[in-house]
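This report concerns only the one structure given below.
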Amino acid sequence: MTAGKARAVRFDRYGDRGVLYVADVDMPSPGPGEVVVEVRAAGINPGEVAIRTGAMHEIFPAAFPSGEGSDLAGVVTAVGPGVAEFSVGDEVLGFSLRRSSHATHTAVPVHQLIRKPPQLSWEVAGSLYVAGATAYAAVRAVAPQPGETVAVSAAAGGVGSLAVQLLVRREAVVLGIAGPGNADWLRAHGVIPIAYGDGLADRLRAAAPDGIDAFIDLLGPDYVQLAVDLGVAPERIDTIISFEKAVEVGARTEGSADASTTEVLEEMAGLVASGAIDFEVAGTYPLDRVADAFEELEKRHTRGKIVLRPQV
């Protein structure tokens, strides 16, 4: 990175991880109501894979060359006209809606940022937005009541690990569908672990002989169909990924876009900062190893978040 330049992840066409590269770009300037953030940490997410491969072209088309990244935490280095909320040197966390956080610097509207609680590491702060907002929205969508039974697929992933804890806080009985290696973590957080794979429906029925009241799908359409087969009412099923299947069965599709507010981010950051909710970081990578970070993510067996550290 040379003087007056930033570095940012780019891709010029849809494809696998091989299309990603890091380029020198012009240092961003803040517009009215914006600040420039020197990014200290930025989480990566499955949705970014779907955008980069073109799987979500009809919903979120890319304009090439495209940047990527929503989650971020860092230090304010410049403020634009009309900004009174933050000053140079402030530590912040939040989100970009411009696919721009996988970079050393990015300009962000102030209404998408909050002050970083000092108890949060850069890695945690920089990967909280997508997972936190998605988990919050999914739990809110199925409206769990105390004593109700709620099943969650991918229960130990970045979103799932937060969703199950939010459900436990609401006094739901939580069935966490995950690999056997995550059973101890789930039990330690008040969740009943249910191993995925052949015989899953029978294991869920055995764990909930009186039925399952709600279902959160974080993995794919087979789980939405499973929820229907188990007798869960469609309005109590929420999926963050299986949109076509949701339309077919009448399920909900509430995710991060439905909870992308600073109020939700403040609440989630406060819960994590206070220790009321655990938030794990599975691994960190420098910006130049962004392809390696996505390779690990795409294995779909990590518990917690994978984070880029652009300043390393």
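Being a predicted model, the structure only gives us computed values, none of them experimental. Values reported hereafter were calculated over all heavy atoms of this structure, with side chains retained and with hydrogens, waters and symmetry mates removed. The chain is numbered in sequence order, starting from 1.
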>> Any side-chain to backbone donor/acceptor pair from S127 onto G43? Under 3.5 Å, distance only.
In response: no
>> Does anything in residues 181-203 form a salt bridge (charged side-chain N to carboxylate O under 4.0 Å, His left out)? List the pairs, not counting sequence neighbours.
In response: D184-R187, D202-R205
> Among pairs that include at least one residue of residues 155-170, which meet side chain to side chain donor-acceptor pair (under 3.5 Å), considering only residues two or more places apart or in two chains?
Replying inline: none
> Would you say the side-chain atoms of S260 and Y129 include a donor-acceptor pair closer than 3.5 Å?
Replying inline: yes
> Quick one: side chain to side chain donor-acceptor pair (under 3.5 Å) pairs with a partner in residues 139-150, sequence neighbours left out?
Replying inline: E148-R236
> Looking at residues at least two apart in the chain, or sitting in another chain, which of them share a salt bridge (Lys or Arg N to Asp or Glu O under 4.0 Å) with E248?
Replying inline: K245
> Which pairs, with at least one residue in residues 31-51 and sequence neighbours excluded, count as a side chain to side chain donor-acceptor pair (under 3.5 Å)?
Replying inline: E34-R98, E38-R40, N45-E48, N45-D71, N45-K305
> Excluding sequence neighbours, so at least two apart, what forms ring pair (Phe, Tyr, Trp, His ring centres under 6.0 Å) with H111?
Replying inline: none
>> Name the residue from V108, L93, L128 that meets the side-chain contact (heavy atoms from CB on, under 4.5 Å) definition with L72.
In response: V108
>> Quick check against the 3.5 Å criterion: does H102 have a side-chain atom that pairs as donor or acceptor with the backbone of S70?
In response: no
> Can you list every ring pair (Phe, Tyr, Trp, His ring centres under 6.0 Å) pair that touches residues 141-190, not counting sequence neighbours?
Replying inline: W185-H189
> Tracing side-chain links under 4.5 Å among I, L, V, M, F, W and Y, which residues wind up in one group with Y196?
Replying inline: V173, L175, I177, I192, I194, L200, L204, I212, F215, L219, Y223, V224, L226, V228, L230, V232, I237, V249
> When Ile, Leu, Val, Met, Phe, Trp and Tyr are grouped by side-chain heavy atoms lying under 4.5 Å apart, directly or through other members, which residues fall in the same group as V75?
Replying inline: W122
> When you measure from the side chain of Q311 to the backbone N and O of T104, does any donor-acceptor pair fall under 3.5 Å?
Replying inline: yes
> Can you check whether F11's main-chain N or O pairs, donor with acceptor, with S66's side chain at less than 3.5 Å?
Replying inline: no
> Who passes salt bridge (Lys or Arg N to Asp or Glu O under 4.0 Å) against D213, sequence neighbours left out?
Replying inline: none
> By ring pair (Phe, Tyr, Trp, His ring centres under 6.0 Å), which residues pair with Y21, not counting sequence neighbours?
Replying inline: none
>> Test: ring pair (Phe, Tyr, Trp, His ring centres under 6.0 Å). Region: residues 240-265. Which pairs qualify, not counting sequence neighbours?
In response: none
